[in-house]
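Structure first, then comments.
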There are 2 protein chains.
Amino acid sequence: MSCGRAEELVRALPDRWRTRQRIAVLHVLAECQDFVSAQQLHALMGADGIRVGLTTVYRVLRELEAYGQADVVRDGTGERLYRPRPADGHRHYLICRSCSRSRPVDSEAVEAWAGQVAEATGFAAVEHTVELTGICAGCRPATPGGHEEGSSCR
Amino acid sequence: MSCGRAEELVRALPDRWRTRQRIAVLHVLAECQDFVSAQQLHALMGADGIRVGLTTVYRVLRELEAYGQADVVRDGTGERLYRPRPADGHRHYLICRSCSRSRPVDSEAVEAWAGQVAEATGFAAVEHTVELTGICAGCRPATPGGHEEGSSCR
DNA sequence: GTCCGTGCAAATCTTTTGCAAGGTT
DNA sequence: AACCTTGCAAAAGATTTGCACGGAC
C-alpha cells in the first residue's frame, strides 16, 4: 500500500539508503499519519507480516530524524514518538491527551519568539521544542458547566 | 545552609509533608538554582553527608512537580531535570547546551500563542511544554565549529 | 497499635550496543 | 575481497515497585 508521502520520504533520502527494511518502515510510518513509537511501528509491521528487527526500526527512525524528515515528541513516560514531517517544513503539534490524535498548528508566533529570545540573550544556535496537549472537541464530555478554557502549563 | 527559596518551598507544602528527608531534598534543590536530575541531587546530598535513599529523592521530586513547585525539562537522553519554580509562577528556560546553565526567559508571547491555539482549535485544558537550548555567549568562543546564528528547530 | 514514610533490592521498559551472519558491489 | 546492513541477544540506564522495617502519633 503506497501513500504519496512515503514516496516523498524515500526520494528525500540518499540513493544508497534504500533497502527493503528501511523502505518498509517508511511506508508503514507514512500510513500512520500520526505519532507512533518505535515499538508500535514494529508491532504494526509484524501484524502486516513485514518482518524487520526492532533494532532496525529504531535505527531508521533516528536516521529520519537526523535527515529532518520526521518530527519527534516525547510522551509522558519519555517514550519517543515519531511522525512524518509535512513536506513544507517542520511543525509543532497539538495532541489530544485522550485520543492521542495530533494536528499541526500554526506556529509562526513561536518561531518568531524563539528568534527574538536568541537575539536578546546572545545565545547562538538556539533550538526550540514546543509541545501542546489538550482535550479535543470530540473527546470532551459534552462540555458541562465547568469549561476550563484557555491554557495552562505542564 | 538555608536559602530563602527553600523555606518558601517548605511553606508551600502541607504540614504533614515535612519530614527530615523531604526537607533535606528541598534545601539541596534550592541551593542548586538550576536544573538537576534526581541522580545528581542524590549524589550532591551524599557528598554533603546527607544520607537519603535515591527512591526518596525521586518521590520528592515527583511530589514537588505535582504541587507545582518545580519546573521540569527532559534532557537529550530523556532524563528528567528539575528546578525550583520561581515564586511568581511557572517559567520557561533557555539552556546552554555546552555548560548546561539555564536562565528563565520572557515567555508571554508563547503563553498568549498557546491560548490562541486553544481557542482556535476548540481544545480544552491546553497545556504546553516549551524548551529552548542554545550556546551561551560565555561558551561560544570555546566551542569550535559553525557559529550558526538565529534559531532552528529540534 | 496503627499509619505512613523510608530505603534496599528487584523489576520494568525503552533505547543502545556488541557482534556474527548475509548481501551487494 | 571490502563494505554495509541486519537482527538477535545482552547491556545500559533511568525510574518505579514490592516489601519489610522503624518512627510518629
Side-chain angles (χ1 to χ4, degrees), chain A residues 9-10 13-29 32 35-67 70-83 100 129 131 154, chain B residues 9-10 13-29 35-67 70-83 100 131 154:
Chain A
L9 282 177
V10 174
L13 298 162
D15 295 5
R16 308 187 49 226
W17 195 85
R18 296 165 201 165
T19 64
R20 186 203 114 230
Q21 288 88 336
R22 300 210 256 233
I23 292 180
V25 173
L26 251 46
H27 274 93
V28 178
L29 177 64
C32 290
F35 284 99
V36 283
S37 68
Q39 312 257 4
Q40 290 176 321
L41 208 48
H42 181 250
L44 276 175
M45 298 183 73
D48 279 11
I50 306 170
R51 193 163 289 87
V52 170
L54 176 58
T55 303
T56 296
V57 175
Y58 273 108
R59 282 194 278 239
V60 172
L61 256 16
R62 283 219 289 165
E63 288 159 8
L64 263 194
E65 183 185 359
Y67 283 124
D71 287 312
V72 189
V73 300
R74 301 187 96 100
D75 72 2
T77 73
E79 196 173 11
R80 273 192 171 81
L81 304 181
Y82 296 82
R83 172 174 170 151
S100 294
T129 296
E131 288 169 32
R154 160 175 80 186
Chain B
L9 282 176
V10 174
L13 298 162
D15 294 5
R16 309 188 48 226
W17 196 85
R18 296 166 201 162
T19 65
R20 186 204 115 230
Q21 288 90 336
R22 298 210 257 234
I23 291 180
V25 174
L26 251 47
H27 274 94
V28 179
L29 177 65
F35 283 100
V36 283
S37 67
Q39 311 257 4
Q40 291 175 320
L41 208 49
H42 181 250
L44 275 175
M45 298 183 72
D48 279 10
I50 306 170
R51 192 164 290 86
V52 170
L54 177 59
T55 303
T56 297
V57 176
Y58 273 109
R59 283 194 277 239
V60 172
L61 257 15
R62 281 218 290 165
E63 288 159 8
L64 263 194
E65 183 185 358
Y67 283 123
D71 286 312
V72 189
V73 299
R74 303 188 94 101
D75 73 2
T77 73
E79 197 173 10
R80 273 192 172 81
L81 304 181
Y82 295 83
R83 172 174 172 151
S100 294
E131 288 170 31
R154 160 175 81 187

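Chain naming here is simple, since letters A, B, ... match the order of the sequence lines and numbering starts at 1 in each.
- Listed nucleotides C:dT17, C:dG5, C:dT14 differ in distance to A:Thr55; the shortest reach to its side chain belongs to C:dT17.
- Taking a 6.0 Å sphere around CZ of B:Arg16, one finds it holds 12 or fewer heavy atoms contributed by other residues, nucleotides or ligands.
- Atom CZ in A:Arg74 sits roughly 18 Å away from atom P in C:dC13 (whole-Å rounding).
- Here the C1' atom of nucleotide C:dT14 and the CZ atom of A:Arg62 are 13 Å apart, to the nearest Å.
- Look at CD on A:Gln39: it is 10 Å from P on C:dC13, rounded to the nearest Å.
- Checking side-chain atoms of B:His42 against main-chain N and O of B:Val52 turns up a donor-acceptor pair under 3.5 Å.
- Here C:dT15 presents its P atom at 10 Å from CD of A:Gln40, a figure rounded to the nearest Å.
- Legend: residues meeting side chain to side chain donor-acceptor pair (under 3.5 Å) with B:Arg80, ordered by chain and number and at least two apart, are absent.
- In this structure, A:Asp75 CG and A:Ser37 OG are separated by 8.0 Å, a value rounded to the nearest 0.5 Å.
- The footprint of chain B on DNA chain D, defined by a heavy-atom cutoff below 4.0 Å, extends from D:dA14 to D:dT17.
- Just one residue in the list A:Leu26, A:Val25, A:Thr19 forms a side chain to side chain contact (heavy atoms under 4.5 Å, CB included) with A:Arg22, and that residue is A:Thr19.
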Is there any protein nitrogen or oxygen under 3.5 Å from a nitrogen or oxygen in nucleotides 19-25 of chain C, and what are the pairs?
none

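- The salt bridge (Lys or Arg N to Asp or Glu O under 4.0 Å) search around B:Glu79 returns none, not counting sequence neighbours.
- Summarising the geometry, atom OG1 belonging to A:Thr129 is positioned 7.0 Å from atom CD belonging to A:Glu131; distances are rounded to the nearest 0.5 Å.
- One axis for each end of the helix from C:dG1-D:dC25 to C:dT25-D:dA1, each built from five base pairs, and the angle between them comes to 10° at 10° resolution.
- Atom CZ of B:Arg20 is surrounded by more than 12 heavy atoms from other residues, nucleotides or ligands within 6.0 Å.
- Applying the side chain to side chain donor-acceptor pair (under 3.5 Å) test to every pair with at least one member in residues 53-62 of chain A, sequence neighbours left out, gives these pairs: A:Gln39-A:Tyr58.
- Taking 4.0 angstrom as the limit, B:Arg51 places none of its side-chain polar atoms (N or O) nearer than this to OP1 or OP2 of C:dT6.
- Rounded to the nearest 0.5 angstrom, B:Ile23 CD1 and B:Leu13 CG are separated by 9.5 Å.
- The structure places CG of A:Leu54 at 10.0 Å from CG of A:Leu41, a figure rounded to the nearest 0.5 Å.
- Residues B:Arg20 and B:Arg16 each lie close to DNA chain C; by heavy-atom proximity, the contact nearer the 5' end of the strand is made by B:Arg16.
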